[in-house]
Enquirer: 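Before we start, here is the structure in question, set down as structure tokens.
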Amino acid sequence: MRKQIVVGNWKLNGTKVLCHQFASGLAGYIGSVELVICPPATHIDCLVSAASAHSSTVSVGGQNVAAQSGGAYTGEVSAGMLRELGACYAIVGHSERRALFGETSEIVAQKASHLLEAGITPIICVGESSLVREGGEHAKFVGRQITEVLSRLAPSAESAVILAYEPIWAVGTGNTASSEQVQSMHAHIRSVAAPFINSVATRVLYGGSVTPDNAANLLALPDVDGALVGGASLELDKFLAVAGGC
Ligand code: PEP
């Protein structure tokens, strides 16, 4: 049985005040859905401490990690450092990082490997552009992204990763993928991932303009195990409402 999980990606937003607001607001949370917030790296320890002070059930994750474990890489944050801060999850391969920072599948795999070694669960993002979808190549494209990353991970990565399908045309645009598009891609991802991981046990999240209005429909789909949420994760009420749709 796969436990549903809703992950908030704050991107380049958030303050210490917001960390405290979320930690105290989630303190009484008794839902069955696992909740994770990925604030900027500078705020991870603040959110971890606030969550512990409020006995809050929220877990904390990173939005990125270095592809190296240490050394002369100015500005980077390693998996070990994330672990030390208290992160249990980290996003890798987000479309913004692939497009704006040149993150290739090889780099995504290196990052995921370091996270696994540090005991952190990687949330591996994949997704096609509108051009690829219009050309009817989306299944092939996403399948290739999955294979390129998972084939580079150690076999012990079994069910220790989370996969997130985030069509680029749906991220931050207000254009959510339809239930049919999401279910069919998630089933495809599960079958493509099967040679590399225990894909039946692996959680596959949907991300792309998830809101309280569309969450219930998307999260009820058989191969959807939760959501990766950007914009709606910056407001506690909206984030909780999305999780309530699970
Ligand atoms: C994201 O950044 O991962 C995301 C899904 O953003 P949004 O929910 O705003 O589309």
Enquirer: Indicate if Ile168 and Leu218 have the same hydrophobic cluster label, given that clusters are the connected sets of ILVMFWY residues with side-chain heavy-atom separations under 4.5 angstrom.
Expert: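 Ile168 does not cluster with Leu218.
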Enquirer: Check for a donor-acceptor pair, side chain of Arg83 on one end and backbone N or O of Gly119 on the other, with a separation under 3.5 Å.
Expert: yes
Enquirer: Do the side chains of Ile107 and Val92 join up, straight or via other hydrophobic residues, at under 4.5 Å, putting them in one cluster?
Expert: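 Shared cluster, no.
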Enquirer: Out of curiosity, Ser32 OG to Lys3 NZ, how far, rounded to the nearest 0.5 Å?
Expert: 7.0 Å
Enquirer: If you link ILVMFWY side chains whenever their heavy atoms are less than 4.5 Å apart, which other residues fall into the same cluster as Phe101? By chain and number, please.
Expert: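 Members alongside Phe101: Leu100.
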Enquirer: Not counting sequence neighbours, list each pair that qualifies as a salt bridge (charged side-chain N to carboxylate O under 4.0 Å, His left out) and has a residue in residues 102-114.
Expert: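 Residue pairs passing salt bridge (charged side-chain N to carboxylate O under 4.0 Å, His left out), neighbours aside: Arg97-Glu103, Glu103-Lys111.
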Enquirer: Out of curiosity, Leu236 CG to Leu234 CG, how far, rounded to the nearest 0.5 Å?
Expert: 11.0 Å
Enquirer: Working note: Asn175 + Ser209, criterion side-chain contact (heavy atoms from CB on, under 4.5 Å); need CA distance, chi angles, decisive distance, verdict.
Expert: CA-CA 6 Å; Asn175 300 324; Ser209 298; 5.7 Å; no
Enquirer: Let's go through His138 and Met185 carefully: what are the C-alpha distance in whole Å and the side-chain angles of both, what is the deciding distance for side-chain contact (heavy atoms from CB on, under 4.5 Å) to 0.1 Å, and is it a yes or a no?
Expert: CA-CA 9 Å; His138 43 286; Met185 185 61 89; 4.0 Å; yes
Enquirer: Take atom CD of Gln21 as the centre, draw a 6.0 Å sphere, and report whether it contains more than 12 heavy atoms from other residues, nucleotides or ligands.
Expert: yes
Enquirer: Can you tell me how far CG of Leu163 sits from CD1 of Ile189, rounded to the nearest 0.5 angstrom?
Expert: 6.5 Å
Enquirer: Could you list the residues that satisfy salt bridge (Lys or Arg N to Asp or Glu O under 4.0 Å) with Glu117, not counting sequence neighbours?
Expert: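 Once residues adjacent in sequence are excluded, Glu117 has no partner under the salt bridge (Lys or Arg N to Asp or Glu O under 4.0 Å) criterion.
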Enquirer: Any chance you could measure Asp213, atom CG, to Lys238, atom NZ, to the nearest 0.5 Å?
Expert: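 NZ of Lys238 is found 9.0 Å from CG of Asp213.
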Enquirer: Which of these passes side-chain contact (heavy atoms from CB on, under 4.5 Å) with Val36: Val60, Val7, Ile162?
Expert: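 Result for side-chain contact (heavy atoms from CB on, under 4.5 Å) with Val36: Val7.
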Enquirer: Counting distance only, does the side-chain N/O of Gln4 pair as donor-acceptor with the main-chain N or O of Gly226 below 3.5 Å?
Expert: yes
Enquirer: Once you measure the plane-to-plane angle for Phe22 and Phe239, does it fall in the parallel (<30°), tilted (30-60°) or perpendicular (>60°) bin?
Expert: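 Taking Phe239 first and then Phe22, their aromatic rings sit tilted (interplane angle of 30° to 60°).
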Enquirer: Side chains of Val149 and Val126: closer than 4.5 Å at any heavy-atom pair?
Expert: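 They are not in side-chain contact.
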Enquirer: Donor-acceptor pair, Gln63 side chain versus Lys11 backbone, under 3.5 Å?
Expert: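 It does hold such a pair.
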Enquirer: In Å and rounded to the nearest 0.5 Å, what is the CD1 to CD1 distance from Ile123 to Ile5?
Expert: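 Spacing of CD1 (Ile123) from CD1 (Ile5) equals 6.0 Å.
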Enquirer: Which heavy atom of Ala23 sits nearest to which heavy atom of Ala51, and what is that distance?
Expert: CB-N, 3.6 Å
Enquirer: Less than 4.5 Å apart, side chain to side chain, heavy atoms only: is that true for Thr121 and Cys88?
Expert: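 They are not in contact (no side-chain heavy atoms under 4.5 Å apart), so the answer is no.
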Enquirer: Does any N or O in the side chain of Asn217 come within less than 3.5 Å of the main-chain N or O of Asn214, such that one atom is a donor and the other an acceptor?
Expert: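 Looks like no, no N/O pair under 3.5 Å.
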Enquirer: Any side-chain heavy-atom pair from Leu18 and Leu47 closer than 4.5 angstrom?
Expert: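 Counting from C-beta outward, Leu18 and Leu47 never come under 4.5 Å.
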Enquirer: When you measure from the side chain of Ser199 to the backbone of Ser191, do you find a donor-acceptor pair of N or O atoms at a distance under 3.5 Å?
Expert: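 Not at all, since once roles are kept as given, no pair shorter than 3.5 Å links the two residues.
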Enquirer: Please name the pair of heavy atoms, one in Ile120 and one in Ala87, separated by the smallest distance, quoted to 0.1 Å.
Expert: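 Closest pair (atom of Ile120, atom of Ala87, distance): CG1-O, 3.7 Å.
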Enquirer: Please confirm whether the backbone N or O of Val48 pairs with a side-chain atom of Ser52, one donor and one acceptor, at under 3.5 Å?
Expert: no
Enquirer: Would you please test Val108 and Arg98 for side-chain contact (heavy atoms from CB on, under 4.5 Å) and show each step?
Expert: CA-CA 9 Å; Val108 175; Arg98 290 181 192 255; 4.2 Å; yes
Enquirer: Kindly indicate, with the supporting measurements, whether the criterion side-chain contact (heavy atoms from CB on, under 4.5 Å) is fulfilled by Arg2 and Asp223.
Expert: CA-CA 10 Å; Arg2 301 182 297 260; Asp223 279 301; 4.1 Å; yes
Enquirer: What is the minimum heavy-atom distance between Val229 and Ala232, and which atoms define it?
Expert: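 Closest pair (atom of Val229, atom of Ala232, distance): CG1-CB, 3.6 Å.
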Enquirer: Do the side chains of His186 and Leu221 get nearer than 4.5 Å, heavy atoms only?
Expert: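 Leu221 vs His186: side chains apart.
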Enquirer: Picking from Glu148, Gln145, Gln110, what satisfies side chain to side chain donor-acceptor pair (under 3.5 Å) with Ser105?
Expert: Glu148
Enquirer: Is a salt bridge present between Arg203 and Glu34, judged by a nitrogen-to-oxygen distance below 4.0 Å?
Expert: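 Result for this pair is yes, salt bridge flagged.
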Enquirer: Within the side chain of Trp10, is there an N or O that forms a donor-acceptor pair under 3.5 Å with the backbone of Ser233?
Expert: yes
Enquirer: For Trp169 and Ser129, work out which heavy atoms get closest and say how close.
Expert: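 What the structure gives for the nearest pair is CD1-C, 3.6 Å.
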Enquirer: Work out which heavy atom in Asn64 is nearest to a heavy atom in Leu82; give both atom names and the distance.
Expert: O-CD1, 3.6 Å
Enquirer: So, for Val242 and Thr211, which heavy atoms are closest and what is the spacing to 0.1 Å?
Expert: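 Reported closest heavy-atom pair: CG2-C, 3.7 Å.
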Enquirer: For the pair Tyr206 (side chain) and Ala177 (backbone), establish whether a donor and an acceptor sit closer than 3.5 Å, ignoring hydrogens and angles.
Expert: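 Yes: the side chain of Tyr206 pairs with the backbone of Ala177.
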Enquirer: Do Ser130 and Glu134 have side chains that approach each other closer than 4.5 Å (heavy atoms only, starting at C-beta)?
Expert: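 Sidechains of Glu134 and Ser130: in contact.
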Enquirer: Could you grab the distance from atom CG of Leu85 to atom SG of Cys46, nearest 0.5 Å is fine?
Expert: 11.5 Å
Enquirer: Taking C-beta and beyond as the side chain, do Leu240 and Tyr29 meet within less than 4.5 Å on heavy atoms?
Expert: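 Touching, per the 4.5 Å side-chain cut-off.
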Enquirer: Do the side chains of Leu219 and Val171 join up, straight or via other hydrophobic residues, at under 4.5 Å, putting them in one cluster?
Expert: no
